[in-house]
**Student:** 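Have a look at the structure that comes next, please.
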Amino acid sequence: MRIGFFDSGIGGLTVLAEALRMMPDKDFLYMADRLHVPYGTKPQDEVKSYIFEAVGDMMKEGIDALVVACNTATSIAINELRETYALPIVGMEPAVKPAVEMIRATGKRVLVFATPLTLQLPKYYALVSRVDEKGMVDSLPLPELVQYCESLQFDRKVMNDYFRSKLSAYELDNYGIIVLGCTHYPFYTDILREVLPPHIEIVDGNLGTVKRLSALISRYGIPGGGGSGDVKFMCTGGDPAYIDKMQTALALLQRKQGVPE
Ligand code: DGL
């Protein structure tokens with residue numbers, strides 16, 4: 001079986017890397033909407049039409065399940081995608097619920113990083129209102145971070161300075177967890193680790209998403225296996241240099257996971 005992963009750019013590779021580790025007997029199709037990244041600073045209706053166009057192209061290639069490996073796209077289009085396509089579709093949302101549960105013991109606050117669009121959409125507001133009874137969750141949009149990631153900006157000094165300036169207004173002793181609510185952000189987990197006090201945990205929703213994918217596939221009774229962890233890369237506009245970039249970025253993530261090359 002072949003599972004499609006969709007994101008605006010290379011962010012969804014952080015989820016795909018987890019899927020490759022957990023489901024090596026599947027094949028994958030990865031689609032990046034290179035022509036329109038970043039989504040998180042654009043108007044919602046515009047982004048919705050980009051999502052449907054790109055996902056439509058993926059469907060023509062043939063996939064058995066779809067992971068919307070993008071928090072922003074999930075917030076905008078997950079319901080309509082499920083109404084449009086009759087295959088298992090898994091979306092992503094910032095891992096606010098587990099974070100709130102985890103901090104119950106320490107009484108410290110939660111800080112959610114995500115794109116401006118994710119944080120301003122009703123889905124996020126509804127999520128926080130549902131789980132944050134005590135008003136312990138704060139949100140910080142990081143509009144520049146997707147662009148840094150897309151240009152493979154991993155210089156430690158540049159990125160340290162960026163995170164320090166973004167966090168300068170926060171009293172970090174009051175926080176116990178940072179939630180990465182955009183799939184591009186886990187590329188920076190190790191750099192962020194250097195900036196944060198050691199007591200702050202960094203969480204993302206990637207492993208949880210792959211577990212949900214696995215459960216959903218079994219529920220649909222789709223015959224598993226038959227694949228070998230093969231990944232086909234696609235992007236809007238079909239740019240070979242961007243395909244190379246996706247391969248480089250995936251290899252980087254797999255090195256971080258300790259996968260032999
Ligand atoms: N990686 C995406 C997310 O999880 C979107 C980033 C963007 O295009 O702004 O939100």
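One-based numbering, in listed order, for ligands and for the atoms of each.
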**Student:** Any nitrogen or oxygen of Ala69 lying under 3.5 Å from a nitrogen or oxygen in ligand 1? Just yes or no.
**Tutor:** no
**Student:** Side chains of Tyr124 and Gln120: do they bring a donor and an acceptor to under 3.5 Å?
**Tutor:** no
**Student:** May I ask you to test the Val100-Met136 pair for a side-chain heavy-atom distance under 4.5 Å?
**Tutor:** no
**Student:** With heavy atoms only and a cut-off of under 4.0 Å, state how Leu117 meets ligand 1: side chain, backbone, both or neither.
**Tutor:**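 The answer is neither.
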**Student:** Taking only heavy atoms of Val146 into account, list the atoms of ligand 1 that are under 4.0 Å away from them.
**Tutor:**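 Selected atoms, number and element: 6 (C), 7 (C), 9 (O).
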**Student:** Does some side-chain heavy atom of Tyr39 sit less than 4.5 Å from a side-chain heavy atom of Thr115?
**Tutor:** no
**Student:** Which label fits Tyr188 and Phe163: parallel for a plane angle under 30°, tilted from 30 to 60°, or perpendicular past 60°?
**Tutor:** perpendicular
**Student:** Output the list of atoms in ligand 1 that are nearer than 4.0 Å to some heavy atom of Gly40, sorted by atom number.
**Tutor:**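 Those of ligand 1 that fall under 4.0 Å from Gly40 are 7 (C), 8 (O), 9 (O).
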**Student:** Among protein heavy atoms, which sits nearest to atom 5 (C) of ligand 1, and what does the distance come to when rounded to 0.1 Å?
**Tutor:**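 Its nearest protein heavy-atom neighbour is Cys70 SG, 3.4 Å.
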**Student:** Determine which pairs satisfy side-chain hydrogen bond (donor to acceptor under 3.5 Å, both in side chains) with at least one residue from residues 4-19, sequence neighbours left out, and list them in order.
**Tutor:**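 Non-adjacent pairs meeting side-chain hydrogen bond (donor to acceptor under 3.5 Å, both in side chains): Thr14-Asn206, Glu18-Arg21.
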**Student:** Tell me the protein heavy atom at minimum distance from atom 7 (C) of ligand 1, and give that distance in Å.
**Tutor:**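 The answer is Tyr39 N, 3.3 Å.
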**Student:** If you count the atoms of ligand 1 from 1 in the order shown, which ones are under 4.0 Å from a heavy atom of Thr72?
**Tutor:**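 Those of ligand 1 that fall under 4.0 Å from Thr72 are 3 (C), 5 (C), 10 (O).
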**Student:** Scan for side-chain hydrogen bond (donor to acceptor under 3.5 Å, both in side chains) pairs involving residues 95-112, sequence neighbours excluded, and state none if there are none.
**Tutor:**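 For residues 95-112: Arg109-Asp138.
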**Student:** Against heavy atoms of Ser8, which atoms of ligand 1 measure under 4.0 Å?
**Tutor:** 5 (C), 6 (C), 7 (C), 8 (O)
**Student:** May I ask you to check if ligand 1 and Thr118 share an N or O to N or O distance below 3.5 Å?
**Tutor:** no
**Student:** Could you list which atoms of ligand 1 come closer than 4.0 Å to a heavy atom of Thr115?
**Tutor:** 6 (C), 9 (O), 10 (O)
**Student:** Ignoring hydrogens and geometry, is there a side-chain-to-backbone donor-acceptor pair from His184 to Cys70 under 3.5 Å?
**Tutor:** no
**Student:** Would one find an N or O of Thr183, backbone or side chain, under 3.5 Å from an N or O of ligand 1?
**Tutor:**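 Thr183 vs ligand 1: N/O contact under 3.5 Å present.
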**Student:** What are the two closest non-hydrogen atoms of Asp27 and Ser228, and how far apart are they?
**Tutor:**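 Reported closest heavy-atom pair: OD1-N, 2.9 Å.
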